[in-house]
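To find a chain, count down the sequence lines: A is the first, B the second, and so on, and within it residues start at 1. Note that the structure is predicted; figures quoted are calculated from it, not measured.
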Amino acid sequence: MAEAMESSGDGGTAAPRPLFAGLSDISISQDIPIEGEITIPMRSHIREFDSSTLNESVQNTIMRDLKAVGKKFMHVLYPRKSNTLLRDWDLWGPLFLCVTLALMLQRGSADSEKDGGPQFAEVFVIVWFGAVTITLNSKLLGGNISFFQSLCVLGYCILPLTVAMLICRLVLLAEPGPVNFMVRLFVVILMFAWSIIASTAFLADSQPPNRKALAVYPVFLFYFVISWMILTFTPQ
Amino acid sequence: MAAVDDLQFEEFGDAATSLTANPDDTTISIEDPGETPEHQPGPSRGSGREEDDELLGNDDSDKTELLAGQKKSSPFWTFEYYQTFFDVDTYQVFDRIKGSLLPIPGKNFVRLYIRSNPDLYGPFWICATLVFAIAISGNLSNFLIHLGEKTYHYVPEFRKVSIAATVIYAYAWLVPLALWGFLMWRNSKVMNIVSYSFLEIVCVYGYSLFIYIPTAILWIIPQKAVRWILVMIALGISGSVLAMTFWPAVREDNRRIALATIVTIVLLHMLLSVGCLAYFFDAPEMDHLPTMATPNQTVAAAKSS
């Protein structure tokens, strides 16, 4: 440090020098200790986590996803205001439910000339394009929910209607008649109401308050159409 | 109003802010959305000149014209552009539906309810509801008519949903497109005071279809007289909404062309309703022979196959 002062002192008496010109003359005599640890504890933790999921057995991976799906099924069956469905969205559950529903709803034989029930593709298209349309509608109205979160909620809330489809198929094994129809009607109406309540519990909060009804009505129409398809299902 | 400095972002919302920024700017302030021209004197309305006063001398129409110029500023490939078409609240949609159900002579649906804020929510979801209402009611009505017949096997007839969707969405979009093109062409020849944008015409057509939703549900009743009375009522209401909306737009024109336009609009509307009734709803006679008493020959051909 003493040498630096000397050199800058010499420079002061001469003609004005450019700024910082004297710094090249400075030499640091003693060592200033600069040492330490440059490791971020988080990074090592993440790396450890990644390699652990890479190395784990297939059963672990599948069970983890299945548990996530099962947890969301429970949230749908007992709807209360929680963010689990929204936060960790996945589309496995909706896909499974949609495929199950479409398989059960398709008409049995392809030889009927008259119009029968919906084909597998028709049900699939109605469910997925209906969900996409409702999501676009709620986003255009100004809702602050992401695209896939909304798809996830709408898909998972088909679960009560899939249960209704299973029950209807079982009831249809009995002899047909008005009682049969009444039982199926009651079950479908109950599950339809359950779906609506479950989905609005998750979706209604994301809308601006003066447009809630505008965003909820398409959901109502969507589940109504699916309920109609379930109710009018007749085995060939 | 555009700021050069990167750190200063643009405010469009507050009139006071923009006035402090550029005192020469024109700012609009609308205090009460409830003050509509409905409060103006109604009983003395004729058909012609009062509408011009409403269109030209009204404060609100000036404001809404200026607002319309400020609104759609995003380019059409952004999401915000399409959000401007869904900028309606629940009560506004209900008001528009109410306006389409109660046509009051002298009140223009577009000027009164849409007021330069055409939305696509109403037309799209009313058409979707109508598609499913017609398909489901048709299915239910056929089931009830043929109930008890030994040879009848109930089928859900799902294919008809796609046919209904095609017909109704084509009507709700192609007819306004044709009408808009026609009005633009006439506008270039005859200077009309009133001209509607394409979206406003789509909006009027969409909301005018709302009356057919309860009509389709009531068509389940298997009485021919009831069905035709319902057709007449629905056609009367929605036809008059359309006629009263488009009469100011063609009034300045050649008398014959104006009348022909209005008649065509109403005729197409009637064609839609009668066609839907004929195709989706079986006639309530107890025989299902190929020769049915319906005017639609294609229906007979389809049933005989």
Residues, nucleotides or ligands: over 12 heavy atoms within 6.0 Å of [X] [atom1]:
X	atom1	value
A:Phe96	CZ	no
A:Phe147	CZ	yes
B:Phe79	CZ	yes

Short N-O contact, A:Arg211 and B:Asp87, less than 4.0 angstrom: yes
Would you say A:Tyr217 and B:Thr90 make side-chain contact, with heavy atoms under 4.5 Å? no
Measuring from B:Tyr121:OH to A:Leu140:CG, what's the distance to the nearest 0.5 Å? 11.5 Å
Which bit of [X] comes within less than 4.5 Å of chain A, counting heavy atoms only: side chain, backbone, both or neither?
X	result
B:Phe124	side chain
B:Asp119	neither
B:Val88	both

Trace of the side chain to side chain contact (heavy atoms under 4.5 Å, CB included) decision for B:Thr129 with A:Phe224: CA-CA 11 Å; B:Thr129 312; A:Phe224 182 79; over 6 Å; no
What part of A:Leu214 is in contact with chain B, defined as an atom under 4.5 angstrom from a non-hydrogen atom: side chain, backbone, both or neither? both
What part of A:Ile126 gets closer than 4.5 Å to chain B, counting heavy atoms only: side chain, backbone, both or neither? side chain
Pair B:Trp125, A:Asn137 - check side chain to side chain contact (heavy atoms under 4.5 Å, CB included), show working. CA-CA 10 Å; B:Trp125 287 109; A:Asn137 177 65; 3.1 Å; yes
Nearest heavy-atom contact between B:Gln83 and A:Lys139 is NE2-O, 3.1 Å
Between A:Leu141 and B:Phe86 the two heavy atoms that sit nearest each other are CD2-O, 3.4 Å
